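Single-structure report; data block below.
The shown structure was predicted, so the numbers you read here are calculated from the model rather than taken from an experiment. In listed order, ligands and their atoms are each counted from 1.
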Amino acid sequence: MLLSALSVLLLYIRASSASCSCSTVVIPVDVDVLVPKDPTDMFAGLKSNASSLRRVNDTYDIYGVFCRPEPTAPENSDVLQLLVHGFSYTNQYWSPGIEEFNNYSYTAFSCDSGLSSFAIDSLGTGLSSRPANASDVQLPTGAAVLSQLAHHLKSTPILPGLKAFTKIIGIGHSAGSVQFNVGAIVDGARSPFAGLILTGLLTYTEPLVFPSPPTSARDADPIRWGTLDPAYITLDDRTSLYPSDTTTFSPRMLAFDAFTKDVGAEYFPAQVAAVSIPASHFTGRVGKVVGSEDQMLCAANRCTDVAALSAEEGLLWPAAKSFELVVSQGGGHDLNLDFFAQGLFRTLVGMVERFST
Ligand SMILES: *[C@@H]1O[C@H](CO)[C@@H](O)[C@H](O)[C@H]1NC(C)=O
Ligand SMILES: *[C@@H]1O[C@H](CO)[C@@H](O)[C@H](O)[C@H]1NC(C)=O
Ligand SMILES: *[C@@H]1O[C@H](CO)[C@@H](O)[C@H](O)[C@H]1NC(C)=O
Ligand SMILES: *[C@@H]1O[C@H](CO)[C@@H](O)[C@H](O)[C@H]1NC(C)=O
(Lines give C-alpha, C1' and ligand atoms only; values in the text may rest on other atoms or scores of the structure.)
(Ligands and ions follow the chains in the order given, each with its own letter.)
Protein backbone atom coordinates (compact mmCIF):
# COMPACT_ATOMS: atom_id res chain seq x y z
CA MET A 1 0.00 0.00 0.00
CA LEU A 2 1.96 2.94 -1.27
CA LEU A 3 1.01 6.55 -1.60
CA SER A 4 1.86 8.55 -4.64
CA ALA A 5 3.03 12.12 -4.68
CA LEU A 6 1.20 14.91 -2.96
CA SER A 7 -0.46 17.41 -5.21
CA VAL A 8 -1.44 20.83 -4.06
CA LEU A 9 -3.96 23.02 -5.79
CA LEU A 10 -2.76 26.57 -5.94
CA LEU A 11 -5.87 28.01 -4.46
CA TYR A 12 -6.21 30.19 -1.45
CA ILE A 13 -9.50 30.19 0.37
CA ARG A 14 -10.97 32.57 2.87
CA ALA A 15 -8.94 32.44 6.06
CA SER A 16 -11.27 31.41 8.87
CA SER A 17 -9.79 34.01 11.19
CA ALA A 18 -7.06 36.63 11.13
CA SER A 19 -4.41 34.29 12.46
CA CYS A 20 -5.37 31.22 10.44
CA SER A 21 -4.22 30.33 6.94
CA CYS A 22 -6.04 27.73 4.86
CA SER A 23 -5.34 25.95 1.57
CA THR A 24 -7.08 23.25 -0.37
CA VAL A 25 -5.06 20.08 -0.86
CA VAL A 26 -5.66 16.93 -2.92
CA ILE A 27 -3.80 13.79 -1.84
CA PRO A 28 -3.86 10.61 -3.97
CA VAL A 29 -4.34 7.63 -1.65
CA ASP A 30 -3.66 4.02 -2.66
CA VAL A 31 -6.02 1.55 -1.06
CA ASP A 32 -5.80 -2.25 -1.21
CA VAL A 33 -8.53 -3.76 0.92
CA LEU A 34 -10.98 -6.65 1.24
CA VAL A 35 -14.71 -5.91 1.17
CA PRO A 36 -17.66 -8.30 1.31
CA LYS A 37 -18.93 -9.45 -2.09
CA ASP A 38 -22.37 -8.77 -0.66
CA PRO A 39 -22.21 -5.06 0.23
CA THR A 40 -25.27 -5.33 2.47
CA ASP A 41 -23.31 -7.58 4.85
CA MET A 42 -24.12 -5.89 8.16
CA PHE A 43 -20.64 -6.43 9.65
CA ALA A 44 -18.84 -5.04 6.56
CA GLY A 45 -17.05 -8.36 5.98
CA LEU A 46 -15.18 -8.14 9.30
CA LYS A 47 -16.73 -11.44 10.42
CA SER A 48 -16.52 -13.13 7.00
CA ASN A 49 -14.28 -15.85 5.61
CA ALA A 50 -12.07 -15.25 2.58
CA SER A 51 -14.49 -16.81 0.09
CA SER A 52 -17.12 -14.14 0.72
CA LEU A 53 -14.68 -11.24 0.32
CA ARG A 54 -13.30 -9.47 -2.74
CA ARG A 55 -10.41 -7.10 -3.25
CA VAL A 56 -10.64 -3.36 -3.94
CA ASN A 57 -7.25 -2.10 -5.14
CA ASP A 58 -7.43 1.47 -6.36
CA THR A 59 -6.08 5.00 -6.03
CA TYR A 60 -8.44 7.76 -4.91
CA ASP A 61 -7.93 11.51 -4.85
CA ILE A 62 -8.90 12.85 -1.44
CA TYR A 63 -9.74 16.55 -1.32
CA GLY A 64 -9.59 18.60 1.84
CA VAL A 65 -9.07 22.00 3.41
CA PHE A 66 -5.91 22.33 5.51
CA CYS A 67 -5.83 25.16 8.06
CA ARG A 68 -3.09 26.15 10.44
CA PRO A 69 -2.54 28.98 12.90
CA GLU A 70 0.12 31.45 11.88
CA PRO A 71 2.56 31.36 13.49
CA THR A 72 2.01 27.82 14.83
CA ALA A 73 3.06 27.42 18.45
CA PRO A 74 5.96 24.93 18.68
CA GLU A 75 4.09 22.69 21.12
CA ASN A 76 1.30 22.18 18.58
CA SER A 77 3.23 22.04 15.30
CA ASP A 78 3.48 18.22 15.43
CA VAL A 79 -0.26 17.67 15.87
CA LEU A 80 -2.88 17.45 13.13
CA GLN A 81 -6.61 17.00 13.53
CA LEU A 82 -8.06 14.93 10.66
CA LEU A 83 -11.73 15.95 10.44
CA VAL A 84 -14.24 13.65 8.72
CA HIS A 85 -17.90 14.58 8.19
CA GLY A 86 -20.98 12.38 8.39
CA PHE A 87 -23.36 10.92 5.83
CA SER A 88 -24.50 13.34 3.08
CA TYR A 89 -22.22 16.13 4.36
CA THR A 90 -18.82 17.35 3.13
CA ASN A 91 -15.83 19.10 4.72
CA GLN A 92 -18.12 22.14 5.10
CA TYR A 93 -19.62 20.47 8.19
CA TRP A 94 -16.48 21.61 10.05
CA SER A 95 -16.56 25.14 8.64
CA PRO A 96 -19.78 26.31 6.98
CA GLY A 97 -18.42 28.55 4.25
CA ILE A 98 -20.36 31.75 4.84
CA GLU A 99 -19.65 34.68 7.12
CA GLU A 100 -22.90 34.40 9.07
CA PHE A 101 -21.94 30.93 10.26
CA ASN A 102 -18.38 31.68 11.43
CA ASN A 103 -19.46 30.72 14.95
CA TYR A 104 -20.10 27.18 13.75
CA SER A 105 -16.61 26.68 12.38
CA TYR A 106 -14.68 24.12 14.42
CA THR A 107 -11.80 24.72 12.01
CA ALA A 108 -11.67 28.41 13.03
CA PHE A 109 -12.28 27.69 16.72
CA SER A 110 -9.49 25.11 16.95
CA CYS A 111 -7.17 27.25 14.81
CA ASP A 112 -7.70 30.11 17.29
CA SER A 113 -6.73 27.58 20.00
CA GLY A 114 -3.47 26.87 18.17
CA LEU A 115 -4.42 23.62 16.39
CA SER A 116 -4.04 22.65 12.73
CA SER A 117 -6.71 20.66 10.94
CA PHE A 118 -7.35 18.90 7.66
CA ALA A 119 -11.06 18.56 6.89
CA ILE A 120 -11.59 16.16 4.01
CA ASP A 121 -14.40 15.10 1.74
CA SER A 122 -14.67 11.37 2.41
CA LEU A 123 -14.50 8.80 -0.38
CA GLY A 124 -17.48 9.16 -2.73
CA THR A 125 -18.44 12.68 -1.63
CA GLY A 126 -17.77 16.30 -2.49
CA LEU A 127 -14.63 16.91 -4.51
CA SER A 128 -12.95 13.60 -3.61
CA SER A 129 -13.04 10.61 -5.98
CA ARG A 130 -16.44 9.02 -6.40
CA PRO A 131 -16.05 5.43 -7.65
CA ALA A 132 -18.49 4.71 -10.51
CA ASN A 133 -19.61 1.56 -8.73
CA ALA A 134 -20.92 2.45 -5.24
CA SER A 135 -20.24 -1.10 -4.04
CA ASP A 136 -16.55 -0.15 -3.93
CA VAL A 137 -17.51 2.43 -1.26
CA GLN A 138 -17.95 0.19 1.77
CA LEU A 139 -16.79 0.80 5.34
CA PRO A 140 -13.47 -1.08 4.96
CA THR A 141 -12.65 1.10 1.93
CA GLY A 142 -13.52 4.33 3.73
CA ALA A 143 -11.55 3.24 6.81
CA ALA A 144 -8.50 2.29 4.73
CA VAL A 145 -8.57 5.70 3.00
CA LEU A 146 -8.35 7.43 6.41
CA SER A 147 -5.54 5.19 7.68
CA GLN A 148 -3.50 5.50 4.48
CA LEU A 149 -4.03 9.25 4.49
CA ALA A 150 -2.77 9.44 8.10
CA HIS A 151 0.31 7.38 7.26
CA HIS A 152 0.99 9.75 4.39
CA LEU A 153 0.61 12.85 6.58
CA LYS A 154 3.10 11.36 9.07
CA SER A 155 5.71 10.73 6.38
CA THR A 156 5.30 13.64 3.94
CA PRO A 157 4.74 17.37 4.60
CA ILE A 158 1.21 18.41 3.66
CA LEU A 159 2.58 21.64 2.14
CA PRO A 160 6.08 22.54 0.97
CA GLY A 161 8.10 24.10 3.78
CA LEU A 162 6.25 22.36 6.62
CA LYS A 163 7.30 19.27 8.58
CA ALA A 164 5.36 16.02 8.47
CA PHE A 165 3.08 15.60 11.51
CA THR A 166 4.00 13.16 14.26
CA LYS A 167 0.59 12.93 15.98
CA ILE A 168 -2.71 12.65 14.19
CA ILE A 169 -5.98 12.85 16.08
CA GLY A 170 -8.93 11.59 14.03
CA ILE A 171 -12.14 13.48 14.73
CA GLY A 172 -15.26 12.11 13.09
CA HIS A 173 -18.90 12.95 12.99
CA SER A 174 -21.45 10.14 12.55
CA ALA A 175 -20.46 8.14 9.41
CA GLY A 176 -17.01 9.76 9.66
CA SER A 177 -16.74 8.36 13.20
CA VAL A 178 -17.87 4.96 11.93
CA GLN A 179 -15.02 4.89 9.40
CA PHE A 180 -12.45 5.78 12.10
CA ASN A 181 -13.96 3.11 14.36
CA VAL A 182 -13.74 0.41 11.66
CA GLY A 183 -10.14 1.46 10.98
CA ALA A 184 -9.31 1.02 14.69
CA ILE A 185 -10.84 -2.50 14.62
CA VAL A 186 -8.87 -3.47 11.50
CA ASP A 187 -5.54 -1.73 12.25
CA GLY A 188 -5.40 -2.37 16.01
CA ALA A 189 -1.99 -1.49 17.48
CA ARG A 190 -0.72 -0.55 13.98
CA SER A 191 -3.17 2.33 13.76
CA PRO A 192 -1.55 5.60 12.67
CA PHE A 193 -3.84 7.59 15.02
CA ALA A 194 -2.66 8.72 18.46
CA GLY A 195 -6.29 9.27 19.38
CA LEU A 196 -9.81 9.20 18.03
CA ILE A 197 -12.69 11.49 18.93
CA LEU A 198 -15.94 10.03 17.69
CA THR A 199 -18.81 12.51 17.74
CA GLY A 200 -22.39 11.58 16.90
CA LEU A 201 -21.77 7.85 17.33
CA LEU A 202 -22.88 5.22 19.82
CA THR A 203 -22.74 1.48 19.24
CA TYR A 204 -25.16 0.15 16.65
CA THR A 205 -26.05 -3.53 16.59
CA GLU A 206 -28.43 -3.32 13.60
CA PRO A 207 -28.28 -1.58 10.22
CA LEU A 208 -29.12 2.13 10.55
CA VAL A 209 -32.67 3.08 9.64
CA PHE A 210 -33.03 6.83 9.06
CA PRO A 211 -36.11 8.45 10.65
CA SER A 212 -37.08 9.64 7.17
CA PRO A 213 -35.96 7.40 4.33
CA PRO A 214 -33.07 8.52 2.10
CA THR A 215 -33.61 8.79 -1.66
CA SER A 216 -31.46 7.75 -4.55
CA ALA A 217 -29.34 10.81 -5.35
CA ARG A 218 -30.05 10.62 -9.08
CA ASP A 219 -33.79 10.92 -8.39
CA ALA A 220 -33.34 13.66 -5.77
CA ASP A 221 -31.35 15.93 -8.11
CA PRO A 222 -31.21 14.63 -11.71
CA ILE A 223 -29.27 17.64 -12.99
CA ARG A 224 -26.50 17.29 -10.44
CA TRP A 225 -26.48 13.53 -9.81
CA GLY A 226 -28.46 11.99 -12.71
CA THR A 227 -25.63 9.75 -13.88
CA LEU A 228 -24.73 8.23 -10.48
CA ASP A 229 -25.09 4.59 -9.48
CA PRO A 230 -28.52 4.43 -7.76
CA ALA A 231 -26.79 3.12 -4.62
CA TYR A 232 -25.52 6.65 -3.99
CA ILE A 233 -28.19 8.15 -1.78
CA THR A 234 -28.98 11.44 -0.07
CA LEU A 235 -31.25 12.69 2.69
CA ASP A 236 -33.96 15.22 1.85
CA ASP A 237 -35.57 15.59 5.28
CA ARG A 238 -32.79 16.68 7.62
CA THR A 239 -34.83 17.75 10.64
CA SER A 240 -34.02 14.60 12.64
CA LEU A 241 -30.35 15.64 12.56
CA TYR A 242 -31.24 18.65 14.75
CA PRO A 243 -32.81 18.80 18.24
CA SER A 244 -36.59 18.40 18.28
CA ASP A 245 -36.83 21.83 20.00
CA THR A 246 -36.62 24.08 16.94
CA THR A 247 -35.68 27.12 19.04
CA THR A 248 -32.25 25.59 19.70
CA PHE A 249 -30.91 26.04 16.16
CA SER A 250 -31.11 28.61 13.41
CA PRO A 251 -33.69 27.97 10.67
CA ARG A 252 -31.14 29.50 8.31
CA MET A 253 -28.71 26.73 9.25
CA LEU A 254 -31.29 24.16 8.21
CA ALA A 255 -31.63 25.95 4.86
CA PHE A 256 -27.85 26.10 4.41
CA ASP A 257 -27.65 22.42 5.31
CA ALA A 258 -30.22 21.49 2.63
CA PHE A 259 -28.42 23.65 0.09
CA THR A 260 -24.99 22.05 0.68
CA LYS A 261 -26.07 18.42 1.14
CA ASP A 262 -24.14 15.72 -0.68
CA VAL A 263 -24.37 11.98 -1.28
CA GLY A 264 -23.10 8.78 0.31
CA ALA A 265 -23.08 5.08 -0.60
CA GLU A 266 -26.07 3.25 0.87
CA TYR A 267 -23.69 0.61 2.20
CA PHE A 268 -22.37 2.80 5.04
CA PRO A 269 -25.67 2.79 6.97
CA ALA A 270 -26.22 -0.88 6.03
CA GLN A 271 -22.87 -1.88 7.56
CA VAL A 272 -22.89 0.33 10.66
CA ALA A 273 -23.21 -2.65 13.06
CA ALA A 274 -19.51 -3.31 12.36
CA VAL A 275 -18.88 -0.85 15.22
CA SER A 276 -20.32 -3.41 17.67
CA ILE A 277 -17.14 -5.47 17.14
CA PRO A 278 -14.61 -4.61 19.88
CA ALA A 279 -11.56 -2.60 18.77
CA SER A 280 -9.57 -5.09 20.87
CA HIS A 281 -6.06 -4.03 19.90
CA PHE A 282 -6.36 -0.25 19.42
CA THR A 283 -3.98 1.33 21.94
CA GLY A 284 -4.56 5.06 21.37
CA ARG A 285 -6.89 7.35 23.30
CA VAL A 286 -10.60 7.36 22.58
CA GLY A 287 -13.32 9.92 23.25
CA LYS A 288 -16.97 9.73 22.30
CA VAL A 289 -19.24 12.79 22.27
CA VAL A 290 -22.99 12.72 21.68
CA GLY A 291 -25.61 15.45 21.99
CA SER A 292 -28.18 14.93 24.74
CA GLU A 293 -30.90 15.89 22.22
CA ASP A 294 -29.70 13.56 19.45
CA GLN A 295 -32.98 12.23 18.06
CA MET A 296 -31.29 9.21 16.48
CA LEU A 297 -28.89 8.10 19.24
CA CYS A 298 -30.31 9.36 22.51
CA ALA A 299 -33.95 8.38 22.09
CA ALA A 300 -35.57 6.31 24.87
CA ASN A 301 -33.38 7.99 27.52
CA ARG A 302 -30.28 6.16 26.26
CA CYS A 303 -28.03 9.09 27.16
CA THR A 304 -29.51 9.99 30.57
CA ASP A 305 -27.22 7.83 32.73
CA VAL A 306 -23.85 9.02 31.44
CA ALA A 307 -21.78 6.79 33.76
CA ALA A 308 -23.61 3.65 32.65
CA LEU A 309 -23.42 4.62 28.98
CA SER A 310 -19.71 5.37 29.30
CA ALA A 311 -19.02 2.03 30.98
CA GLU A 312 -20.98 0.16 28.29
CA GLU A 313 -19.32 1.94 25.36
CA GLY A 314 -15.86 1.63 26.94
CA LEU A 315 -16.12 -2.19 26.86
CA LEU A 316 -15.52 -2.04 23.12
CA TRP A 317 -12.11 -0.34 23.61
CA PRO A 318 -10.34 -2.68 26.09
CA ALA A 319 -6.75 -1.83 25.04
CA ALA A 320 -7.21 1.92 24.65
CA LYS A 321 -4.86 4.12 26.66
CA SER A 322 -7.94 5.96 27.88
CA PHE A 323 -11.65 6.10 27.12
CA GLU A 324 -14.06 8.89 27.93
CA LEU A 325 -17.62 9.70 26.91
CA VAL A 326 -19.23 13.10 27.05
CA VAL A 327 -22.93 13.85 26.63
CA SER A 328 -22.97 17.41 25.30
CA GLN A 329 -25.99 19.08 26.87
CA GLY A 330 -28.50 20.49 24.41
CA GLY A 331 -26.83 19.31 21.22
CA GLY A 332 -28.56 17.29 18.49
CA HIS A 333 -27.07 14.72 16.14
CA ASP A 334 -25.32 17.46 14.13
CA LEU A 335 -23.58 18.77 17.23
CA ASN A 336 -21.62 21.39 15.29
CA LEU A 337 -24.65 23.10 13.77
CA ASP A 338 -26.90 24.16 16.67
CA PHE A 339 -26.67 26.88 19.33
CA PHE A 340 -24.63 24.61 21.65
CA ALA A 341 -21.73 24.26 19.21
CA GLN A 342 -19.35 26.56 21.12
CA GLY A 343 -19.56 24.36 24.23
CA LEU A 344 -18.86 21.28 22.11
CA PHE A 345 -15.88 22.98 20.50
CA ARG A 346 -14.35 23.70 23.92
CA THR A 347 -14.83 20.01 24.80
CA LEU A 348 -13.15 18.88 21.57
CA VAL A 349 -10.14 21.18 21.91
CA GLY A 350 -9.68 20.02 25.52
CA MET A 351 -9.72 16.39 24.39
CA VAL A 352 -7.26 17.03 21.55
CA GLU A 353 -4.86 18.75 23.95
CA ARG A 354 -5.04 15.80 26.37
CA PHE A 355 -4.81 13.19 23.60
CA SER A 356 -1.72 14.71 22.00
CA THR A 357 0.50 14.85 25.08
C1 LIG B 1 -17.79 -18.80 4.00
O2 LIG B 1 -18.91 -17.92 4.13
C3 LIG B 1 -19.98 -18.22 3.26
C4 LIG B 1 -21.01 -17.11 3.39
O5 LIG B 1 -21.24 -16.78 4.73
C6 LIG B 1 -20.53 -19.61 3.63
O7 LIG B 1 -21.59 -19.93 2.76
C8 LIG B 1 -19.41 -20.65 3.47
O9 LIG B 1 -19.85 -21.91 3.91
C10 LIG B 1 -18.19 -20.23 4.31
N11 LIG B 1 -17.08 -21.12 3.98
C12 LIG B 1 -16.29 -21.66 4.91
C13 LIG B 1 -15.18 -22.49 4.41
O14 LIG B 1 -16.45 -21.45 6.11
C1 LIG C 1 -2.90 -2.99 -7.09
O2 LIG C 1 -2.87 -1.87 -7.95
C3 LIG C 1 -1.57 -1.43 -8.27
C4 LIG C 1 -1.67 -0.13 -9.03
O5 LIG C 1 -2.57 -0.26 -10.10
C6 LIG C 1 -0.85 -2.51 -9.05
O7 LIG C 1 0.48 -2.10 -9.35
C8 LIG C 1 -0.81 -3.76 -8.19
O9 LIG C 1 -0.23 -4.82 -8.94
C10 LIG C 1 -2.20 -4.16 -7.76
N11 LIG C 1 -2.11 -5.29 -6.83
C12 LIG C 1 -2.75 -6.43 -7.05
C13 LIG C 1 -2.46 -7.52 -6.08
O14 LIG C 1 -3.50 -6.60 -8.00
C1 LIG D 1 -20.58 34.11 18.24
O2 LIG D 1 -19.88 33.71 19.40
C3 LIG D 1 -19.47 34.77 20.23
C4 LIG D 1 -18.58 34.17 21.31
O5 LIG D 1 -19.16 33.07 21.92
C6 LIG D 1 -20.70 35.49 20.76
O7 LIG D 1 -20.30 36.58 21.55
C8 LIG D 1 -21.53 35.98 19.58
O9 LIG D 1 -22.72 36.54 20.04
C10 LIG D 1 -21.85 34.84 18.63
N11 LIG D 1 -22.51 35.39 17.47
C12 LIG D 1 -23.56 34.82 16.93
C13 LIG D 1 -24.08 35.47 15.70
O14 LIG D 1 -24.06 33.79 17.37
C1 LIG E 1 -20.18 -3.33 -9.11
O2 LIG E 1 -19.15 -4.20 -8.67
C3 LIG E 1 -19.62 -5.45 -8.20
C4 LIG E 1 -18.44 -6.22 -7.64
O5 LIG E 1 -17.38 -6.30 -8.57
C6 LIG E 1 -20.32 -6.19 -9.34
O7 LIG E 1 -20.85 -7.40 -8.87
C8 LIG E 1 -21.46 -5.32 -9.89
O9 LIG E 1 -22.03 -5.95 -11.03
C10 LIG E 1 -20.92 -3.95 -10.28
N11 LIG E 1 -22.05 -3.11 -10.66
C12 LIG E 1 -22.05 -2.41 -11.79
C13 LIG E 1 -23.26 -1.56 -12.03
O14 LIG E 1 -21.12 -2.44 -12.59
Side-chain angles (χ1 to χ4, degrees), residues 1-9 25-64 87-88 120-156 158 175 178-179 182-183 185-188 190-192 207-208 213-235 262-274 277:
M1 294 199 233
L2 293 169
L3 283 146
S4 14
L6 165 80
S7 79
V8 178
L9 291 184
V25 177
V26 176
I27 300 180
V29 178
D30 288 346
V31 165
D32 187 358
V33 74
L34 295 172
V35 300
K37 290 174 183 165
D38 172 8
T40 64
D41 173 53
M42 67 185 276
F43 297 112
L46 301 186
K47 294 187 174 187
S48 304
N49 61 44
S51 64
S52 49
L53 300 175
R54 69 178 178 89
R55 188 170 197 161
V56 173
N57 177 24
D58 216 331
T59 302
Y60 303 116
D61 283 339
I62 299 301
Y63 168 93
F87 175 76
S88 75
I120 63 159
D121 289 347
S122 62
L123 181 65
T125 67
L127 296 176
S128 289
S129 297
R130 180 178 293 133
N133 188 330
S135 82
D136 286 353
V137 186
Q138 301 191 39
L139 284 178
T141 334
V145 165
L146 301 185
S147 293
Q148 290 306 308
L149 188 57
H151 282 298
H152 177 87
L153 294 163
K154 289 172 81 172
S155 63
T156 311
I158 189 167
V178 174
Q179 294 169 74
V182 167
I185 296 167
V186 172
D187 295 341
R190 292 173 293 109
S191 170
L208 169 63
T215 44
S216 196
R218 66 181 191 181
D219 298 333
D221 190 341
I223 291 174
R224 190 173 168 200
W225 293 316
T227 60
L228 297 192
D229 181 332
Y232 282 112
I233 57 176
T234 191
L235 209 53
D262 210 271
V263 305
E266 67 183 10
Y267 309 117
F268 276 19
Q271 297 180 337
V272 72
I277 299 170

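Looking only at protein heavy atoms, the nearest one to atom 9 (O) of ligand 4 is Asn133 ND2, 4.8 Å. Closest to atom 11 (N) of ligand 2, if we only count protein heavy atoms, is Asn57 ND2, 2.8 Å.
Arg224 and Thr234 form no side-chain donor-acceptor contact under 3.5 Å, judged by distance and modelled atom types alone. One side chain, Asp30 or Thr59, offers a donor N or O that lies under 3.5 Å from an acceptor on the other. No side-chain donor-acceptor contact under 3.5 Å links Asp61 and Ser129.
Residue contacts with ligand 4: Lys37 is excluded, as none of its non-hydrogen atoms falls under 4.0 Å.
The distance from ligand 4 to the heavy atoms of Ser135 drops below 4.0 Å at these ligand atoms: 1 (C), 2 (O), 3 (C).
If you run side-chain contact (heavy atoms from CB on, under 4.5 Å) between Val35 and each of Arg55, Arg54, Gln271, only Arg54 comes through.
To the nearest 0.5 Å, atoms CD (Gln148) and CG (Asp32) are separated by 9.0 Å.
Distance check for atom 4 (C) of ligand 2: every protein heavy atom is found at 4.0 Å or beyond. Taking a distance limit of 4.0 Å, we find that atom 14 (O) of ligand 2 is approached by some protein heavy atom.
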